[in-house]
Amino acid sequence: MNKVVANADEAIRDINEGAVLMLGGFGLCGIPENCITALVKKGVKRLTCISNNAGVDDFGIGLMLQQKQVRKMISSYVGENAEFERQLLSGELEVELIPQGTLATRCMAAGYGMPAIFTPAGVGTEVAQGKETRNFNGKDYLLEYAFNADFALVKAWKGDPDGNLVYRETARNFNPLMAMAGKVTIAEVEELVPAGELNPDTIHTPGIFIHRIFQGKSYEKRIEQRTIRKRS
Amino acid sequence: MNKVVANADEAIRDINEGAVLMLGGFGLCGIPENCITALVKKGVKRLTCISNNAGVDDFGIGLMLQQKQVRKMISSYVGENAEFERQLLSGELEVELIPQGTLATRCMAAGYGMPAIFTPAGVGTEVAQGKETRNFNGKDYLLEYAFNADFALVKAWKGDPDGNLVYRETARNFNPLMAMAGKVTIAEVEELVPAGELNPDTIHTPGIFIHRIFQGKSYEKRIEQRTIRKRS
Amino acid sequence: MALTKEQIAQRIAKELKDGYYVNLGIGIPTLVANYIPKGVNVVLQSENGLLGMGPFPLEGEEDPDLINAGKQTITTIAGSAFFDSAMSFGMIRAGKVDLTVLGAMEVSERGDIANWKIPGKMVKGMGGAMDLVASAKNIIVAMMHTNPKGESKLLPNCVLPLTGVGCVKKIVSDLAVLDVTPEGFRLLERAPGVSVQEIRSKTLGKLIAADDIPEMKFEG
Amino acid sequence: MALTKEQIAQRIAKELKDGYYVNLGIGIPTLVANYIPKGVNVVLQSENGLLGMGPFPLEGEEDPDLINAGKQTITTIAGSAFFDSAMSFGMIRAGKVDLTVLGAMEVSERGDIANWKIPGKMVKGMGGAMDLVASAKNIIVAMMHTNPKGESKLLPNCVLPLTGVGCVKKIVSDLAVLDVTPEGFRLLERAPGVSVQEIRSKTLGKLIAADDIPEMKFEG
């Protein structure tokens with residue numbers, strides 16, 4: 001089943017104004033660089049972006065923020081981004097902050113056809129405001145709903161024409177969860193391999209969840225905090 | 001972190017009368033053969049077994065049924081087992097049948113610290129009796145609780161001393177889910193390899209979920225339905 | 001003449017569309033895999049944890065770690081993937097499987113299905129059937145129109161314990177192809193040589209039949 | 001004399017037990033990894049999807065695909081495993097992580113913690129902190145006892161928006177080690193040369209102190 005498209009432009013062709021997007025990645029690690037570049041080029045506006053972070057000023061989702069393409073961010077952590085801060089304080093940008101595990105699990109719930117999940121994260125805090133709380137075995141949990149996203153944009157290390165995906169190291173993070181959760185899921189990969197080349201035991205995302213796949217190009221894979229130890 | 005024990009007898013030493021067990025496997029595929037043999041040898045009784053199937057008369061959980069060690073089975077499908085049928089009809093054995101996806105997801109819920117999940121499986125059927133039904137977006141779902149198991153017994157292909165596990169083909173099935181869900185999880189593997197030999201990107205069950213691991217022996221891996229096609 | 005089981009499978013195979021992910025139940029549904037039309041690419045999902053199920057293995061190539069939901073030895077195809085049972089039923093629950101084909105003991109005119117339990121007789125369990133029927137976007141039932149006593153299995157209401165409610169979209173029986181509609185069973189095709197009258201007499205649930213119901217055609 | 005950040009980390013490291021799975025937050029908690037006692041085997045969990053975090057890489061060996069929750073380049077150790085964010089927070093939620101060490105802006109005498117938001121200033125978000133504090137079996141907070149103005153951060157009630165309720169078990173500040181008990185903060189150890197009186201004066205929440213509070217000792 002061939003789901004290969006030529007490039008990012010073709011993959012995102014029908015992402016239009018007002019779409020709700022999921023974008024994989026943690027910090028700048030494992031983000032769909034090619035899709036973001038294509039979205040910036042297309043200039044589509046009023047997007048809602050569900051993504052753990054919002055990039056930095058000149059990379060990742062930060063590039064879309066610079067072009068004022070984002071109406072609302074749903075994230076767990078949005079530091080390290082001055083333009084983000086400016087738009088938030090000026091009221092141009094709406095932000096919904098949710099606990100990181102809740103974010104991950106609401107993606108998984110969507111992918112697994114579960115309408116809602118229970119988590120203790122945020123009980124007794126402002127995150128719980130307006131949410132249903134329920135006690136199980138003496139502990140309180142919040143009811144949190146599955147996300148509903150028009151498109152999920154994910155980045156994998158390798159993929160095949162069926163859409164089977166393999167991620168590398170901590171670049172996995174939210175990608176497999178969002179891959180399952182999009183109404184349409186677009187995967188960009190560093191290496192597109194022929195069907196049958198990936199070991200079926202080691203596939204992280206089975207192709208059934210993927211609608212379009214393409215081989216990305218010119219990955220920068222920027223490091224956010226280059227930290228090293230001294231040679232001893 | 002070395003979790004290696006010598007053998008199945010040592011691994012199951014503290015499984016005592018009345019314990020609630022999870023046993024991985026689908027049919028006879030991927031079942032913890034060595035642990036079952038050790039349980040039969042130990043002769044521990046009044047066990048509750050959560051397992052998708054109940055083995056056949058002379059293999060798998062069927063061996064424990066022959067010795068009348070099982071008080072209650074929680075399964076999705078229990079055909080192919082005459083002794084099982086006899087004990088059920090005579091009232092010696094209690095059986096709770098639940099949909100296969102519900103079984104899997106109640107294991108996952110336990111492993112992921114979620115007290116309950118919602119599933120549409122069984123709505124409008126006798127499975128729904130006495131259960132809470134809730135409507136989300138026009139569709140009814142049952143509230144199903146996470147399992148609570150004293151021990152999970154799982155079978156993997158390869159494992160390392162930290163308890164990291166890799167499964168093979170469809171012998172994966174319920175094993176990774178139950179591995180996460182036991183208060184104590186015991187893993188038997190066909191091949192115990194040194195730490196660092198498994199590729200960290202391809203580990204199915206991270207070691208944090210595993211309490212004891214041992215290299216099993218004399219795997220029979222019986223085939224339940226040998227089905228072949230003709231050479232053309 | 002009533003269809004053989006092979007012909008039922010053959011007729012159902014015509015419902016497959018290119019790009020479908022399909023779950024085939026045990027029995028007649030499994031046979032559907034033998035009749036996938038040329039040029040139609042489908043991927044078979046086996047709910048025990050496999051996408052991309054291939055044919056049965058050659059003798060001597062059976063692998064005990066590689067079975068389908070009917071516990072039969074199978075093979076994989078290029079592009080297959082293994083996963084655990086939670087992900088398997090996750091993709092089922094999320095509607096990623098385009099078509100589910102399964103057998104039934106009874107179907108009601110509202111699309112209720114009973115196929116897992118006969119009270120008083122041995123209960124084997126529902127396996128994955130309740131999950132599949134509760135979530136599948138498109139369910140085709142492969143069944144005999146009547147039981148061995150000649151009694152209709154297409155009923156106003158199911159008598160046996162239900163597997164799912166209002167979920168069956170289409171039935172291919174040995175006598176007919178029918179859609180389940182808000183008005184009842186709508187007859188679409190007859191088995192070769194089987195009259196509308198015979199179908200009507202063997203359908204206890206409400207049957208809607210136009211004057212002119214075509215016969216099924218089988219090539220080969 | 002108040003402890004340095006390194007000394008706070010060093011003192012917390014003494015709480016590590018052999019076989020622990022540990023999650024270390026950003027800042028002082030990260031430094032704890034440098035003081036793991038000899039003979040104590042712990043595995044570090046990074047909530048972005050890694051068990052078995054190793055030290056920072058050597059120059060030239062940084063891998064952009066391999067970072068910790070603070071977005072720093074790291075390495076792995078033998079026996080490490082990668083996983084997705086749902087499994088990561090699954091293991092956290094299920095209590096598989098034995099110890100969580102994190103920083104705080106405020107802690108209340110009932111163990112409430114505030115560490116994610118200062119209203120009116122920039123809000124960066126809670127990241128994984130709310131998940132961690134809601135589920136961890138054992139939480140140690142690494143913090144300064146007072147803010148730069150000299151005001152106590154150990155309070156009867158948190159003033160800042162909460163991260164979690166009644167979850168902190170132990171505090172290691174620059175001045176003291178304290179348990180959070182149903183009766184309030186229980187003073188266990190003093191920083192070298194810091195008096196109980198000084199600690200009492202800098203602790204706004206209820207403080208319980210025996211007559212004889214030992215000083216912390218640091219080797220090396």
Side-chain angles (χ1 to χ4, degrees), chain A residues 26-30 52-54 75-80 85 88-89 95 97-105 107-109 111 119-127 139-142 157 167-177 204 219-231, chain D residues 26 30 46-50 53-76 80 82-90 92-93 112-114 116-117 119 122-135 161-167:
Chain A
F26 180 93
L28 303 179
C29 181
N52 189 59
N53 310 93
S75 303
S76 89
Y77 191 82
V78 291
E80 351 311 350
E85 184 170 353
L88 177 57
L89 295 175
V95 176
L97 291 169
I98 60 182
Q100 194 173 140
T102 302
L103 182 70
T105 314
C107 293
M108 186 183 77
T119 176
V123 167
T125 76
E126 62 180 55
V127 163
K139 182 164 179 156
D140 284 334
Y141 295 81
L142 301 183
W157 181 38
Y167 309 93
R168 187 167 175 274
E169 300 175 342
T170 56
R172 193 183 317 182
N173 56 65
F174 288 85
N175 281 299
L177 308 167
H204 298 125
Y219 282 103
E220 175 180 343
K221 301 219 270 185
R222 189 184 296 187
I223 290 175
E224 202 164 340
Q225 304 279 346
R226 188 177 302 271
T227 322
I228 55 170
R229 72 178 193 278
K230 294 212 177 74
R231 284 174 199 274
Chain D
I26 296 166
T30 300
S46 190
E47 69 262 29
N48 56 318
L50 169 61
M53 181 163 56
F56 296 132
L58 295 169
E59 190 165 3
E61 294 181 1
E62 310 91 329
D63 178 347
D65 288 337
L66 183 47
I67 64 171
N68 65 16
K71 282 96 175 179
Q72 297 169 311
T73 45
I74 48 159
T75 59
T76 57
S80 67
F82 296 107
F83 36 84
D84 67 44
S85 301
M87 180 178 273
S88 183
F89 285 94
I92 288 167
R93 215 184 287 117
D112 300 346
I113 179 172
W116 76 281
K117 183 178 183 179
M122 180 61 192
V123 178
K124 291 183 185 298
M126 68 291 282
M130 283 193 182
D131 306 273
L132 282 159
V133 301
S135 296
L162 293 180
T163 308
V165 175
C167 50

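All values below were derived from every heavy atom in this structure, side-chain atoms included, with hydrogens, water molecules and symmetry-related copies excluded. By convention in this document, chain letters (A, B, ...) are assigned in the order of the sequence lines, proteins followed by strands, and residues within each chain are numbered from 1.
Contact record, D:Gly125 with A:Leu97: CA-CD1, 3.8 Å, taken as the closest heavy-atom pair. For the residue pair A:Pro176 and D:Asp84, the shortest heavy atom distance occurs at CG-CB, 3.8 Å. The two residues A:Ile223 and D:Thr73 come nearest to each other via the heavy atoms CG2-CG2, 3.6 Å. Minimum interatomic distance between D:Lys71 and A:Gly27 (heavy atoms only, all atoms of both residues): CE-CA, 3.6 Å. Of all heavy-atom pairs between A:Thr227 and D:Pro57, the closest is O-CD, 3.2 Å. Counting all heavy atoms, side chain and backbone alike, D:Ala86 lies closest to A:Ala104 at N-CB, 3.8 Å.
Residue contact with chain D, scored on non-hydrogen atoms closer than 4.5 Å, involves the side chain of A:Arg172 exclusively. For chain A, the nearby parts of D:Phe56 are the backbone and the side chain; heavy atoms of each come within less than 4.5 Å. Proximity to chain A (any heavy atom under 4.5 Å) is restricted, for D:Asn68, to the backbone atoms N, CA, C and O. When heavy atoms are compared at a cutoff of 4.5 Å, A:Lys139 approaches chain D solely by way of its side chain, counted from C-beta outward. Neither the backbone nor the side chain of A:Leu28 comes within contact range of chain D; no heavy atoms are under 4.5 Å apart. Heavy-atom distances place the backbone of D:Thr163, and not its side chain, under 4.5 Å from chain A. Using a 4.5 Å cut-off between heavy atoms, A:Asn52 makes no contact with chain D at all. Interface remark: D:Ala114 contributes no atoms to any contact with chain A (heavy atom separation under 4.5 Å).
A:Glu126 is listed as a side-chain neighbour of D:Trp116, based on a closest heavy-atom distance under 4.5 Å. Using a 4.5 Å cut-off on side-chain heavy atoms (C-beta onward), D:Ile67 and A:Glu224 make no contact. Residues D:Asp131 and A:Thr102 meet the side-chain proximity criterion, which asks for heavy atoms closer than 4.5 Å.
Counting heavy-atom pairs under 4.5 Å between each of D:Gly70, D:Pro64, D:Ser85 and chain A puts D:Ser85 at the top. For the options A:Leu103, A:Ile98, A:Asn175, heavy-atom pairs under 4.5 Å to chain D are most numerous at A:Ile98. Comparing A:Pro99, A:Ala121, A:Gly122 by how many heavy-atom pairs each has under 4.5 Å with chain D, the most go to A:Pro99. Of all the listed residues (A:Phe174, A:Tyr167, A:Tyr77), the one sharing the greatest number of non-hydrogen pairs under 4.5 Å with chain D is A:Tyr77. Highest contact tally toward chain D, considering only A:Cys107, A:Ser75, A:Ala171, is held by A:Ala171 [criterion: heavy-atom pairs under 4.5 Å]. Taking chain D as the reference chain and counting heavy-atom pairs below 4.5 Å, the highest number among A:His204, A:Gln225, A:Arg226 is found for A:Gln225.
Counting only distance, with no hydrogens or angles, the side chain of A:Thr170 and the backbone of D:Gly49 share no donor-acceptor pair below 3.5 Å.
With no hydrogens or angles considered, a side-chain donor-acceptor pair links D:Arg93 and A:Thr105 at under 3.5 Å.
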